[in-house]
Chemist: 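Quick one: the structure is below, and I'll ask about it shortly.
Residue numbering restarts at 1 for every chain, and letters A, B, ... go by the order of the sequence lines.
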Amino acid sequence: MLDRKYILDHLDAVRTNCGNRGVSCELDRLVELESQRREKLVAVQELNRQANEVSKSIGKASSPEEREQRKEEGRRLREAKDKAQTDHDALDAEALTIQKTVPNMAHDAAPVGVDDKANLEVRKGKHAPRALGFKAKDHVELGQDLDLIDFEGGARTTGAGFYFLKNEGVLLELALQQYAVQQLRARGFTVTTTPDLARDEILEGIGFMPRGPETQVYSIAESDLSLVGTAEITLGGLYSGHTFESEDLPLKLCGISHCYRTEAGAAGRASKGLYRVHQFTKIEMFAYSLPDQSDAVLEEFCQIECDLFDGLGIPYRVVDTATGDLGGPAYRKYDLEAWMPGRGDAGEYGEVTSTSNCTDYQARRLNCRYKVKGEKGTKFIHTLNGTAVAVSRAMIAVMENGQQADGSIVVPEALRPWVGMDVIGPKA
RNA sequence: GGAGGAGUGGCAGAGUGGUCGAAUGCGCCGGUUUGCUAAAUCGGUGAUGGGGUCAUUCCCAUCCGCAGGUUCGAAUCCUGUCUCCUCCGCCA
């Protein structure tokens, strides 16, 4: 969330930003509420001060009568304070509700536009899409022919959008995890495995809505826990409430988790196979950084994603995400879209990773701060996240790009140490 | 799952109703002293929010895991909750 004072001081810029993002917020109401709240706050503090003064004088009262009289005065002041406090809290709560709906500001260079049509391609990967010379199969067909994925089994046991990986499909999943984790470790990331559940309060801090009709997450009944949609949630929660020493930043973390998504409202965008599933494994990058480091860390995350997909020999393009497609917390976001030969009529790009600089938008809710030695006070850190490998979508790209005329799949060299073979299939 | 115990400033650790934002020690910052280092010694040293001077400053409110309650007044008493430790049971 944005700082309330910032919103008031930069009302025009915030309003413009909301417009660019296609979000409507009751900014005028917020301004009104906040000015009323400030007044109440001053009143509360003044009453408190008076009451404290009276309380202090009671111990020094010279007679029982005077003591009783002072007590009565104290009671009266506290009562008045409580009333003012209640008013203040109501104003504060309503202001907060609006404040939470205001999206982060956007980077000056982020393309302006209300949806993904305005996304700007900024670069392409090392490898160009390969001319197959035969009619490409999609990963669903490949997975079925080579006995790598069982969608029906997933639907029977759990529901549509769930699946079993089988045989070499499992080896691919594990290999992709190993590949990403090894690369990140070599680049100074602290690798972690993370809880698949998190408190609702943490989800909110990251910018997810844990409950309610619009929610994208599964919640656990009779608890304040939800299944995480990404390790970004748990990695961001890891240091909630923490104050970092500036010299310890940036802190780069890599987290392995399962990701659970209801995909509510995605019915119209339904797609086959692994592309939009309710559960997948993801290797996530996350960073806590100083404000003046976050632009560079975003570029670094993007470069790592590029290196990972270049290393797999997969063609892709990078897009600079338009304001309307950023989501609430992001200040700037790059998506990697991998070439998927089996998609559409003759292949299409499909999003495989995404990296965002959320500046202090998440940190404010999570109360993550930093302190500079020798300086007074603390400031909010910046948070960034990026997908190293979302296994399900990476598998689509690996399978479809590696397919050969005989129906087999060439395993990318980088994955062979873990898959243990050069080619998957074909099945006799 | 059962029974106990504990959560205080960067750390250790006092504090069981008012003078406590909180002793003391360590650490940290600055001064003095000393060929250098070390030691000694003196002083300073939390955060958040609000207000006035809008300049270095000053004033106020809040904060002792978190949320409530009792009271004129709570680190201190009560309730709930989270976390940690010990013992027992169970278990991959």
Chemist: Examine distances only and state if a side-chain atom of A:N167 and a backbone atom of A:D147 form a donor-acceptor pair shorter than 3.5 Å.
Modeler: yes

Chemist: For the residue pair A:V112 and A:T323, what are the closest heavy atoms and their distance?
Modeler: CA-OG1, 3.5 Å

Chemist: From the set B:G51, B:G73, B:G46, return the single nucleotide nearest to any side-chain atom of A:V42.
Modeler: B:G51

Chemist: With respect to the phosphate group of B:G73, does any side-chain polar atom (N or O) of A:R78 fall under 4.0 Å of OP1 or OP2?
Modeler: yes

Chemist: Using atom P of each nucleotide, how far apart are B:G49 and B:G35 to the nearest Å?
Modeler: 49 Å

Chemist: So does A:E32 have more than 12 non-hydrogen atoms from other groups sitting under 6.0 Å from CD?
Modeler: yes

Chemist: Quick one: is A:R369 getting a side-chain N or O under 4.0 Å of the B:A47 phosphate, OP1 or OP2?
Modeler: no

Chemist: Does B:U45 have OP1 or OP2 sitting under 4.0 Å from an N or O in the side chain of A:K376?
Modeler: no

Chemist: Is there a side-chain polar atom (N or O) of A:K5 under 4.0 Å from OP1 or OP2 of B:G50?
Modeler: yes

Chemist: With rounding to whole Å, what would you report as the distance between B:G13 and B:G25 at their C1' atoms?
Modeler: 8 Å

Chemist: Would you compute the distance between atom CE of A:M285 and atom CZ of A:F189 and round it to the nearest 0.5 angstrom?
Modeler: 5.5 Å

Chemist: Would you mind telling me which residue lines up with the more 5' stretch of RNA chain B, A:L41 or A:K71, judged by nearest nucleotide?
Modeler: A:L41

Chemist: If we take the C1' atom in both B:C20 and B:G73, what is their distance in whole Å?
Modeler: 13 Å

Chemist: For A:E375 and A:E46, find the nucleotide of RNA chain B closest to each by heavy atoms; which residue's nucleotide sits nearer the 5' end?
Modeler: A:E375

Chemist: With the side chain of A:N52 defined as its heavy atoms from C-beta on, choose the nearest nucleotide among B:G73, B:C60, B:U62.
Modeler: B:U62

Chemist: Are any of A:N48's side-chain N or O atoms less than 4.0 Å away from OP1 or OP2 of B:C60?
Modeler: no

Chemist: With a 4.0 Å limit, can you tell me whether A:T378 has a side-chain N or O closer than that to the phosphate oxygens OP1/OP2 of B:U48?
Modeler: yes

Chemist: Counting the atoms with a prime plus P, OP1 and OP2 as sugar-phosphate, which does A:R49 contact under 4.0 Å by heavy atoms, base, sugar-phosphate, or nothing?
Modeler: sugar-phosphate

Chemist: Dot-bracket, RNA chain B: Watson-Crick or G-U, under 3.5 angstrom, [ ] crossing, | other strand?
Modeler: ((((((((.[[[..)..(.....]]]((((((.......))))))((((((......)))))).[[[[[..)....]]]]])))))))....

Chemist: With a 4.5 Å heavy-atom cut-off, do A:L312 and A:Y179 have their side chains touching?
Modeler: yes

Chemist: Do the ring planes of A:F244 and A:Y288 sit parallel (below 30°), tilted (30 to 60°) or perpendicular (above 60°)?
Modeler: tilted

Chemist: A:Y370 has an atom OH; how far is it from atom C1' of B:A47, in whole Å?
Modeler: 16 Å

Chemist: Is it true that A:R343 and A:E400 have a side-chain N and a carboxylate O under 4.0 angstrom from each other?
Modeler: no

Chemist: Tell me which nucleotide among B:C60, B:G18, B:C82 gets nearest to the side chain of A:R199.
Modeler: B:C82

Chemist: So which nucleotide from B:G18, B:C82, B:A61 ends up closest to the side chain of A:I58?
Modeler: B:G18

Chemist: Would you kindly give the NZ-to-P distance between A:K371 and B:C28, to the nearest whole Å?
Modeler: 15 Å

